[in-house]
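Quick caveat: nothing in here was measured; it's all calculated off a predicted structure. Numbering of residues begins at 1 and proceeds along the displayed sequence.
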Amino acid sequence: MALSLKYILRSGRNAVSVLRRQAFHGSAPAAVQVTVRDALNQAMDEELERDERVFLLGEEVAQYDGAYKVSRGLWKKYGDKRIIDTPISEMGFTGIAVGAAMAGLRPICEFMTFNFSMQAIDQVINSAAKTYYMSAGLQAVPIVFRGPNGASAGVAAQHSQCFAAWYAHCPGLKVVSPWSSEDAKGLLKAAIRDDNPVVFLENELLYGVPFEMSDESQSKDFIIPIGKAKIERQGTHVTLVSHSRYVGHCLDAAAVLTKEGIECEVINLRTIRPMDVESIEASVMKTNHLVTVEGGWPQFGVGAEICARIMEGPAFNYLDAPATRVTGVDIPMPYAKILEDNSVPQIKDIIFSVKKTLNIA
């Protein structure tokens, strides 16, 4: 309870001391800020320590601390047998990792970019994804394929594709696409512990972004269940569904729109396969409008799947307007900055689509 000035003057230094102590103890604890890079590093460190079957392999993951420094310090702590530098041969080291998973280990296979995972697509799909089913459940393949996915900055077409829709198309895989540091840590730990092959799609532009992390998420036992979306912002007028970096764009657009009296509900998918359709349906039934946002191409994309699921399910009858997709442009990524900016969704594109869906001029 605040102390009056009169009392402080009467009581002198003792009262001032009491007031300072009250102010100190009454203040909220400082929020812990952790970058996505460090959250991923924490997750791998904790799982390597917890389970001796876990190991990391990939290009430059060991002595160089990773191309994006995600594996910083792990080689010095765990050595050559647990943190393994590989030749530049995705097909080769992915095959080694899949075989190790079949033999009972739990590998984390890093691609320097998921564009290069196409070199190993036979191992990811034909060897990892299909084996559990073809063996009638006798042969698990506990492996995580992880690395940066989607557009970065100034790296043109060979390094900018989003593979969420590609891998989510394939039965036998789980596909995860985190946004925040808490997502990254909790979902990567869950992926490493999962007995199924998991494709873990990070975003290079998020690596250095700090997010607040709760005390709970700092625990070594913290995991986020795969297959469960998160409502990042409550709203009543329109549902925005996104994943990875574009969740942040949706939240920024929602902050602008709220000044115009439009309240957006923002859903962070977190997992692409299995998709949490129930959470999307519940939100659409409340807001009666749907906009999907993704960095990938429009044709056969994640947004297209969401729209189809809503049309086929009970939420369709609650829509007051057609669902709208905001996607990357249907071209290979240009190199020039101005063309690149116009090839991926911007905040203004989301705002325009929301107003279009709500029939606001």
Task: K286 to Y318 six-membered ring, cation-pi geometry met (6.0 Å, 45°) - done: no

Open item on the list: For residues 238-247, which residue pairs pass the side-chain hydrogen bond (donor to acceptor under 3.5 Å, both in side chains) check, not counting sequence neighbours?
Closed with: S177-H243, T239-S283, T239-T287

Open item on the list: Under a 3.5 Å threshold, yes or no: a donor from one side chain and an acceptor from the other, between T236 and E265?
Closed with: no

Task: Side chain to side chain, I108 and V54, heavy atoms closer than 4.5 Å - done: yes

- [ ] Identify whether L205 and V36 are in the same connected component of the hydrophobic contact network (ILVMFWY, side-chain heavy atoms under 4.5 Å).
- [x] no

TODO: Using the salt bridge (Lys or Arg N to Asp or Glu O under 4.0 Å) rule, pick out the option among K77, K189, R193 that qualifies with E46.
DONE: K189

Task: Straight-line distance of D45 CG to L40 CG, nearest 0.5 Å - done: 12.5 Å

- [ ] Treating Ile, Leu, Val, Met, Phe, Trp and Tyr as nodes and any side-chain heavy-atom pair under 4.5 angstrom as an edge, say whether L251 and I280 lie in one connected cluster.
- [x] no

- [ ] List the steps and the verdict of salt bridge (charged side-chain N to carboxylate O under 4.0 Å, His left out) for R233 and E263.
- [x] CA-CA 9 Å; R233 180 189 176 111; E263 295 298 332; 3.6 Å; yes

- [ ] Answer yes or no: is there a side-chain heavy-atom contact under 4.5 Å between W297 and C162?
- [x] no

TODO: Answer with yes or no whether the side chains of W75 and D80 bring together a donor and an acceptor at under 3.5 Å.
DONE: yes

Task: Qualifying residues under ring pair (Phe, Tyr, Trp, His ring centres under 6.0 Å), relative to H237, sequence neighbours excluded - done: none

TODO: Classify the ring geometry between F114 and Y167 as parallel (under 30°), tilted (30 to 60°) or perpendicular (over 60°).
DONE: perpendicular

Open item on the list: Does the plane of the ring in W179 sit parallel, tilted or perpendicular to the ring in F211? Use 30° and 60° as the thresholds.
Closed with: perpendicular

- [ ] Output, in order, the C-alpha distance, side-chain angles, deciding distance and verdict of side chain to side chain contact (heavy atoms under 4.5 Å, CB included) for V247 and L269.
- [x] CA-CA 9 Å; V247 174; L269 274 178; over 6 Å; no

Open item on the list: Quick check: is W166 connected to V344 through a chain of hydrophobic side chains (ILVMFWY, heavy atoms under 4.5 Å apart)?
Closed with: no

Open item on the list: With side chain to side chain contact (heavy atoms under 4.5 Å, CB included) as the criterion, how do K174 and R273 come out once you've worked through the C-alpha distance, each side chain's angles and the decisive distance to 0.1 Å?
Closed with: CA-CA 5 Å; K174 293 184 177 181; R273 183 184 184 106; 5.9 Å; no

Open item on the list: Tell me whether D252 contacts the main-chain N or O of H249 through its side chain, where contact means a donor paired with an acceptor under 3.5 Å.
Closed with: no

Open item on the list: Less than 3.5 Å apart, any donor N or O on the side chain of Q63 or K76 sitting next to an acceptor on the other?
Closed with: no

Open item on the list: Closer than 3.5 angstrom, by distance alone: can the side chain of S127 be matched with the main-chain N or O of V124 as a donor-acceptor pair?
Closed with: no

Task: Verify same cluster id: V266, I306 (apolar side-chain graph, 4.5 Å) - done: no

Show every donor-acceptor pair shorter than 3.5 Å between a side-chain atom in residues 322-332 and any protein atom, with sequence neighbours excluded, or say none if there are none.
unit_1, atom_1, unit_2, atom_2, d
T324, OG1, T357, OG1, 2.8
R325, NH1, P298, O, 2.7

Open item on the list: As a quick check of understanding, evaluate side chain to side chain contact (heavy atoms under 4.5 Å, CB included) for N288 and L319, giving each step before the final call.
Closed with: CA-CA 5 Å; N288 310 117; L319 285 175; over 6 Å; no

- [ ] Ignoring hydrogens and angles, tell me if any N or O in the side chain of R53 forms a donor-acceptor pair with the backbone of L105 under 3.5 Å.
- [x] no

TODO: Mind checking salt bridge (charged side-chain N to carboxylate O under 4.0 Å, His left out) for K356 and listing every partner two or more places apart, or none if nothing turns up?
DONE: none

Open item on the list: Counting neighbours of OH on Y207 that are heavy atoms of other residues, nucleotides or ligands and sit closer than 6.0 Å, is the number greater than 12?
Closed with: yes

Open item on the list: Grouping I, L, V, M, F, W and Y whenever their side-chain heavy atoms are under 4.5 Å apart, do M311 and L290 come out in a common cluster?
Closed with: yes

Open item on the list: Can a donor-acceptor pair be found, under 3.5 Å and without considering hydrogens, that links the side chain of E294 to the backbone of G303?
Closed with: yes

- [ ] Walk me through it: do D38 and R72 pass the test salt bridge (charged side-chain N to carboxylate O under 4.0 Å, His left out)?
- [x] CA-CA 9 Å; D38 288 340; R72 182 172 49 209; 2.9 Å; yes

TODO: Please lay out, stage by stage, how E49 and K220 fare under the test salt bridge (charged side-chain N to carboxylate O under 4.0 Å, His left out).
DONE: CA-CA 10 Å; E49 183 178 64; K220 291 185 177 182; 2.8 Å; yes

Open item on the list: For F116 together with F111, are the ring centres under 6.0 Å from each other?
Closed with: no

Task: Test item: D65 side-chain N/O and G73 main-chain N/O as donor-acceptor pair under 3.5 Å - done: yes

Task: Validation row: I192, L48 side chains within 4.5 angstrom (heavy atoms) - done: no

List the atom pairs, donor and acceptor, that lie under 3.5 Å between side-chain atoms in residues 138-157 and the rest of the protein, sequence neighbours left out.
unit_1, atom_1, unit_2, atom_2, d
Q139, NE2, M102, O, 3.0
R146, NE, E202, OE2, 2.6
R146, NH1, E110, OE1, 2.6
R146, NH2, E202, OE1, 3.1
R146, NH2, E202, OE2, 3.4
N149, OD1, F163, N, 2.8
S152, OG, E204, OE1, 3.1
S152, OG, E204, OE2, 3.3

- [ ] State, with a plain yes or no, whether a side-chain heavy atom of V209 is found less than 4.5 Å away from one of T35.
- [x] no

Open item on the list: Between E260 and K355, does any NZ, NE, NH1 or NH2 come within less than 4.0 Å of an OD or OE carboxylate oxygen?
Closed with: yes

Task: Contact check, side chains of V293 and D349, non-hydrogen atoms, under 4.5 Å - done: no

Open item on the list: Is there a side-chain contact between D85 and E59 in this structure, where contact means two heavy atoms from C-beta onward sitting under 4.5 Å apart?
Closed with: no

Open item on the list: I'd like to check F55 versus L57 (side-chain heavy atoms, cut-off strictly below 4.5 Å). Are they in contact?
Closed with: yes

Task: Separation between OG of S279 and CZ of R270, rounded to the nearest 0.5 Å - done: 9.5 Å

Open item on the list: Any non-hydrogen side-chain atom of L201 less than 4.5 Å from a side-chain atom of V199?
Closed with: yes

Open item on the list: Under a plain distance cut-off of 3.5 Å, with no hydrogens placed, do E90 and S117 share a side-chain donor-acceptor pair?
Closed with: no

- [ ] Output all residues satisfying ring pair (Phe, Tyr, Trp, His ring centres under 6.0 Å) with Y78, sequence neighbours left out; order by chain, then residue number.
- [x] none

Open item on the list: Donor-acceptor check, side chain of N115 to backbone of H159, threshold 3.5 angstrom: yes or no?
Closed with: yes

- [ ] Report the C-alpha distance between R106 and E47 in whole Å, list the side-chain angles of each, state the deciding distance to 0.1 Å, and finish with yes or no for salt bridge (charged side-chain N to carboxylate O under 4.0 Å, His left out).
- [x] CA-CA 10 Å; R106 306 188 81 86; E47 293 305 301; over 6 Å; no

